[in-house]
Protein chains: 2
Amino acid sequence: MSYSGDIVKKLAEQGYRMTPQRMMIASAIEASDGHISAEEIYAQVIIKYPQVNISTVYRTLELLKQLGLVTDTDLGEGRVRYHPVGKGHHHHLVCQECGGITDLDEIVLSPLKTILLRQYGFSADLRHLAIFGRCKKCSQ
Amino acid sequence: MSYSGDIVKKLAEQGYRMTPQRMMIASAIEASDGHISAEEIYAQVIIKYPQVNISTVYRTLELLKQLGLVTDTDLGEGRVRYHPVGKGHHHHLVCQECGGITDLDEIVLSPLKTILLRQYGFSADLRHLAIFGRCKKCSQ
DNA sequence: TTCGTAATTGCAAAAGCTTGCAATAACCCG
DNA sequence: CGGGTTATTGCAAGCTTTTGCAATTACGAA
């Protein structure tokens, strides 16, 4: 995987300080399946670096989000999940009846993105959306 | 406004018990400008009914949401805002740079709704969305 | 290598929201 | 109108996330 280490590299490029906490948080995100929670990152980092604090995890995630290196999505579980941008974009259809999640290709939302840009001059961040509703099975 | 009292009426129709708490919470929502937070509802109700509890407010909002009587939207303020469905649907473009909010007509999202239904059989709840991004002014 | 500055962290408290459980009260029935 | 059933509420604790502040530490300059 060529994206591994990308987050650390880009942080350094932008002049941010490379602390062990940041490096371990970044690699936890990059090593994940792409939908990792703050608590899961924390649990993983604390094994090798016990003095890390959960608020550092949240602050690092906020930073990475603002730099466009990760996206965050609330899938309705009561906690937010994070995804490294380097692993590609997609969306989720979340069924409020059965809780089932269907993945959705990025393409489906590009017409909307275009309309918002043309009609409102608004550059929408549509990189990792959760759309709630009712799935096929539960609609019957 | 003919919608006033609609929430209470529909709750009664569906066989839910009409407690003073529910009635006051419902009328606070209906009397609002359409974007009221749980804490604001609570503050309003407690004036006339001091023994009400904030968790009752949240539970009532959850109920109204499930019955399709209110929609909830996270405008990125760190708290959720509620909107009575009877007051009409719309969406919001939220600028992450300046915090500015532009309203968006419901129509703009109906092509997406149609595609999701046709292509995935997914009945999306697109009644009160917040779309984040960068507004015209902040994009320059 | 040492030092100074400013970014970053840890800690503790707080904000927003949810939940289990026992007490309360709305509503149906006689 | 009175009584029983069960939905609803209040309370307190807990979960996720944010924030202020003082202590720490990364990094450039000397």
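Chain letters run A, B, ... following the sequence lines, proteins first and then strands; every chain starts at 1.
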DNA chain C nearest-nucleotide lookup for B:Glu62 and B:Tyr49: closer to the 5′ end is B:Glu62

[N] phosphate, OP1 or OP2: any side-chain N/O from [X] under 4.0 angstrom?
X	N	answer
B:Thr56	D:dT9	no
A:Tyr58	D:dT18	no
B:Ser55	C:dT18	no
B:Arg79	C:dG16	yes
B:Asn53	D:dT9	no

Roughly how many Å is it from [atom1] in [X] to [atom2] in [N], rounded to a whole number?
X	N	atom1	atom2	result
A:Arg22	C:dA7	CZ	P	11 Å
A:Tyr16	C:dT8	OH	P	7 Å
B:Leu63	C:dT18	CG	C1'	16 Å
B:Glu77	C:dA15	CD	C1'	14 Å
A:Asp74	C:dG16	CG	C1'	13 Å
A:Ile54	C:dA14	CD1	P	20 Å
A:Gln66	C:dT8	CD	P	12 Å
B:Met18	C:dC27	CE	P	8 Å

Do B:His90 and B:His128 make the cut of ring centroids closer than 6.0 angstrom?
yes

Between B:His89 and B:His83, is the gap from one ring center to the other below 6.0 Å?
-> no

- Query: Counting any heavy atom closer than 4.0 Å, what does B:Gln51 reach on the DNA or RNA strands: base, sugar-phosphate only, or nothing?
  - Reply: sugar-phosphate

Mind checking if A:Arg59 touches a base, just sugar-phosphate, or nothing, with heavy atoms under 4.0 Å? base

Answer yes or no: is there an ion pair linking A:Glu97 with A:Lys137, defined by an N-O contact shorter than 4.0 Å? no

Problem set entry | Any side-chain heavy-atom pair of B:Ile7 and B:Val85 under 4.5 Å | no

Considering only heavy side-chain atoms of B:Gln21, the closest of C:dG10, D:dT9, C:dT8 is D:dT9

The nucleotide from D:dT8, D:dC11, C:dC17 with an atom nearest the side chain of B:Arg17 is D:dT8

A:Glu62 vs A:Arg59, test: salt bridge (charged side-chain N to carboxylate O under 4.0 Å, His left out). Steps then yes/no.
CA-CA 5 Å; A:Glu62 179 61 28; A:Arg59 279 191 277 232; over 6 Å; no

